[in-house]
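Sequence lines set the chain letters: A, B, ... in the order given, protein chains first and strands last, and positions in each chain run from 1. Remember, it's a predicted structure, so these values are computed and weren't measured experimentally. All values below come from the heavy atoms of this structure, side chains included, with hydrogens, waters and symmetry mates left out.
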Amino acid sequence: MPKLILIDGSSYLYRAFHALPPLSNAHGEPTGALFGVYNMLRATIKAQPEYVAFVSDAPGPTFRDEMYDQYKANRPPMPDDLRAQVEPMLGLVGALGFPILRVTGVEADDVIGTLADQAHKQGIEVVVSTGDKDMAQLVRDGVTLVNTMTNTTMDTQGVFEKFGVRPDQIIDFLTLTGDTVDNVPGVAKCGPKTAAKWLAEYDTLDNLMANADKVGGKIGENLREALPQLPLSRQLVTIKLDVPLEQGVTDLTMRPRDIDALREMYARYEFKAALKELDAGEPAAAPSPVAAPAISPESLARELVTPDLSGPGTYELVTTQAQFDAWLERLRTAELIAFDTETTSIDSMRADIVGLSLSVEPGVACYIPLTHDYPGAPAQLSRDMVLGALKPIFEDPARPKLGQHAKYDINILSHYGIALQGLKHDSMLESYIWNATATRHDMDSLARKYLGYETVKYEEVAGKGAKQISFSQVDIDTACRYAAEDADVTLRLHHALWPLLQSEPKLRSVYEDIEIPLVPVLAGMEQRGVLIDVNHLRLQSQQLGKRMLELQQQAWGAAGHEFNLDSPKQLIAVLFDELGLPIKVKTPTGAPSTNEEALEAIADDHALPRLILDYRGLAKLRSTYTEKLAEIVNLRTGRVHTSYHQGAVATGRVSSSDPNLQNIPVRTEEGRRIRQAFVAPEGWLVLAADYSQIELRIMAHLSGDEGLLRAFHEGGDVHRATAAEVFGLQPEEVSANQRRAAKAINFGLMYGMSAFGLARQLGVDRGEASDYMARYFARYPGVRDFMESTREQAHRDGYVETIFGRRLYLENLKARNQALRAGAERAAVNAPMQGSAADIIKRAMIAVAHWLKGRDDANMLMQVHDELVFEVKRESIDEVRKAVVERMSGAAALRVPLLVEAGVGANWDEAH
DNA sequence: GTCGATACGTAC
DNA sequence: GACGTACGTATCGACG
């Protein structure tokens, strides 16, 4: 059966653009999407189809725009970097010999649909290469979709599995769900599940519409409301099958490629490997995904998007001593050891090891099951023997190791007396430093993005939800496929990512000198945990609960009936419908807000708002902190062992969860009582050391503003000094209100606040706020220039940098949507300060941890962005305090001193 | 029971 | 629309 491959050029281009790091050639022309398209096309060339077409959108409006003026109104404009690659792409595709079709007045989808329909009728097999789900309506016997990125195909059965409807129901399905990107209205609140349910029951949209009055509930109302517009939506989502075309299917054959044009383009866009192949006269062969790492980002990108065509790697299940010995030998001579542990829990403090996987060469890995335990489980090597044999290797700093999120595995190994040394690389952190926002940094996402590879998912081997089983119950052969792949993919990711970092010395330095050394430090803090006075928390919980009950009774009295105080929805009904209080604030969705600002605004009109405010304050403390913390304390250690996340914050900060120790209350008296539960053991004290005004100091450093630098060099109260400058007074003449205004400006500026925001913050009118800001900028012109140049840099480069060269890419700088763009600009201004502060405290942590090594009289426990908390033996407190302050102050050499304030007490609250 | 969206609030 | 970065809890509606 002859075959026609139809390539959805727009889909290709967009996907390649977003999948690849922003590459460019020596002239600064963007090339990433071009390269991605080129690589995807190679697979098509290799398949040698009889007929092929590359179908692309033609510029200008289509019949859908005429039908509906809001069509695609929500779609952001094509990014400039992508637009610049459209023409070169078409040139390249043409030179490679592909017939190109662009038809004005219709979309590429319609041309593809028409050709697919014609070919189908002529008995030609059709494969549509696309990532667009709308194309599912074309599927039938002999017409399939292939997704080039994931290398998956979709036939009739596949459509049903994915959407829950037959291909011939897809048009009705899409009509019901609508499409927010293309701005096609559907039925409100009707998602894929509801649409599939209805179509299963009524078969067609027409039938459903005829029976719309039988659908009950709110969603039924939504359906009836949408009825008038559904026919239009259906027309919009229907792909045309009758576009008049000049060429027939059989005209669509590959032409000879234009060697000279290709050579010129390959050279221009620096496709070095392709150029080499061309000159060697070799047909373009698929590059091996396990090839030695190349240095240039371009040649690397080639590896990134090319799926492993040789199939899965070779994975060995190790259950005999001889096999294990052979692997030990491999480890001893390995340049880099990729390792991964499998355990019984995602919580590393509670997890037991189940098995371990290793890889020293891409495509080759082993899994060593240790404690799999299910009926009929085969004999496994002894856990203690295996870990005992691996211990000297894992603890040898001269043997480099690689992990994916290695902190977790370090924690696991530590349960078995192995203190891992020599962590050289972590693929999660490589990706995070290369581009913190382009992707999530879990292995599945990274493999998809950087290797074009779909990993075996944890859910597939262990199930999910209530049906999830412990990894120890997973069949060891299945476990091997999953676990060995983890080690293999980790190594392959490293081969993909490390050359990228090497090509950018500053990023490499942030990675090697900050992030990697920080891993064992954070692991140590997690394992140590912080001692909690559970009784203190329980007592506080009780007292809070009692007061909440009282407030609840009073609130019910004020409302005239009982209602759920925790439900904003019920509260809206009571306040605004029943009591008729004025709505002064709305939520982003347009509903009346009941947040603090809203309640505060009507607190003088009625007793209820104040009662709710008081109740909320207590409820927050109790549910989030006193109850939760007491619950989460490890009964064995009496401590809470938080998780620190190194790849979660775009600016480089570390975050904390389970529990989040970085948002424990401090501003109110009742809140500080929670901090009193963070204690030190008998004979020990809590030491808390924090940077004073670090972000403002960084702003002074980065801007070089003389006035601000002087304020910090003179010491004293910087907000007071600012107020004195702005209001033209002596520092001692500054009023409390003036100082408050200056402080608000100082903070607000770092967040990109506008005069409007400042006015709101200070409760003054906008003109007055504008006046303050104008005076501020007149006194501190360097700050204004710095902010302007930061915005410029962001627009020029697409990213901003910290003092140490950490990079933050801004996504929405070119958005057509004003709010998005303004938001990106504010983020651009804030990132260098927040990020530099993060770099500095990370460096301090590494230095302090180094100093603490080998001591048993002090432990670093917590990091709260600009603060480090320790427990220290009473007799060592002065020495430790001095050493900590020195290392924190010395973590960076700025044009202003880095002042560190350290306090000591029996608990965290007292230490402040 | 589980999940996602929404609203709210805590920290730096 | 208007101040950056996180994480956690509760409610509510939908799903299975």
Worksheet item: What about the rings of A:Tyr780 and A:Tyr776, do their centers lie closer together than 6.0 Å?
Response: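 Yes - the distance between ring centres of A:Tyr780 and A:Tyr776 falls below the 6.0 Å cut-off.
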Discussion item. Under 6.0 Å between ring centres: does that hold for A:Tyr691 and A:His865?
Written reply: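 When the ring centroids of A:Tyr691 and A:His865 are compared, they turn out to be at least 6.0 Å apart.
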Could you tell me the separation between the NZ atom of A:Lys842 and the CZ atom of A:Arg806, rounded to the nearest 0.5 Å?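 Those atoms lie 4.0 Å apart.
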Query raised in the report: Can you tell me how far NE2 of A:His719 sits from CD1 of A:Ile745, rounded to the nearest 0.5 angstrom?
Result: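 Spacing of CD1 (A:Ile745) from NE2 (A:His719) equals 11.5 Å.
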Problem - Minimum-distance pair of heavy atoms, taken over all atoms of A:Ile346 and A:Tyr408 - result: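 The pair with the smallest heavy-atom distance is O-CE1, 3.3 Å.
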_Minimal non-hydrogen separation, A:Val718 against A:Leu696, with atom names_ =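 The pair with the smallest heavy-atom distance is CG1-CD2, 4.0 Å.
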(message) If I pick the C1' atom on C:dA2 and the same atom on B:dT10, what distance separates them, to the nearest angstrom?
(response)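 Taking atom C1' in both B:dT10 and C:dA2, they lie 23 Å apart.
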* Asked: Taking atom P in both C:dG1 and B:dA7, what distance in whole Å separates the two?
  ->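 It comes out at 14 Å once rounded to the nearest Å.
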Validation row: A:Met862, A:Leu868 side chains within 4.5 angstrom (heavy atoms):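 The answer is no; the side chains never approach within 4.5 Å.
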Margin query: Quick check: do A:Asn222 and A:Cys190 have side-chain heavy atoms less than 4.5 Å from each other?
Written below: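 SC-SC contact between A:Asn222 and A:Cys190 ruled out.
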A:Asp658 has a side chain; which of C:dA2, C:dC12, C:dG8 sits nearest to it?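 Closest nucleotide to the A:Asp658 side chain: C:dG8.
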Looking at the side chain of A:Phe756, which of C:dC12, C:dG4, C:dA2 is the nearest nucleotide?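 Nearest to the side-chain atoms of A:Phe756, counting from C-beta on, is C:dA2.
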Next on the checklist: Give me the stems containing DNA chain C, sorted by first residue, counting only three or more consecutive Watson-Crick or G-U pairs with both distances under 3.5 Å; say none if there aren't any.
Outcome noted: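 The stems are B:1-12 with C:4-15.
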- Please confirm whether the backbone N or O of A:Asn660 pairs with a side-chain atom of A:Ser657, one donor and one acceptor, at under 3.5 Å?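 Judged by distance alone, no pair lies under 3.5 Å.
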Under 4.0 Å, counting only non-hydrogen atoms across every strand here, what does A:Ala648 touch: a base, just sugar-phosphate, or nothing?
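Here A:Ala648 touches the backbone only, sparing every base.
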> Touch check for A:Ala650, heavy atoms < 4.0 angstrom, all strands: base, sugar-phosphate only, or nothing?
Replying inline: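 Sugar-phosphate, backbone atoms only, no base.
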Quick tally for nucleotides 4-12 of chain B: nucleotides whose base has a protein heavy atom under 4.0 Å get B, sugar-phosphate-only ones S, the rest -, giving ---SSBBSB
Establish, with yes or no, whether the OP1 or OP2 oxygen of [N] is under 4.0 angstrom from a side-chain nitrogen or oxygen of [X].
X	N	value
A:Ser754	C:dG1	no
A:Lys569	C:dG13	yes
A:Ser567	C:dC12	yes
A:Gln761	C:dA2	no

Query - First of A:Ser623 and A:Gln818 reached from the 5' end of DNA chain C, by closest nucleotide - result: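 Checking each residue's closest nucleotide, the 5'-ward one belongs to A:Gln818.
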Q. Between A:Ser657 and A:Gly748, which has a closest nucleotide on DNA chain C that is more 5'?
A.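 Closer to the 5' end of DNA chain C: A:Gly748.
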Nearest-angstrom distance from the residue atom [atom1] of [X] to [atom2] of [N]:
X	N	atom1	atom2	answer
A:Arg766	C:dA2	CZ	P	13 Å
A:Leu571	C:dA10	CG	C1'	13 Å
A:Arg806	C:dT5	CZ	P	15 Å
A:Asn222	C:dA14	CG	C1'	13 Å
A:Lys197	C:dA14	NZ	C1'	9 Å
A:Glu811	C:dG4	CD	P	16 Å
A:Met699	C:dC3	CE	C1'	14 Å
A:Leu808	C:dA6	CG	C1'	14 Å

Identify, with sequence neighbours excluded, every residue that meets salt bridge (charged side-chain N to carboxylate O under 4.0 Å, His left out) alongside A:Arg350.
->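 A:Asp347.
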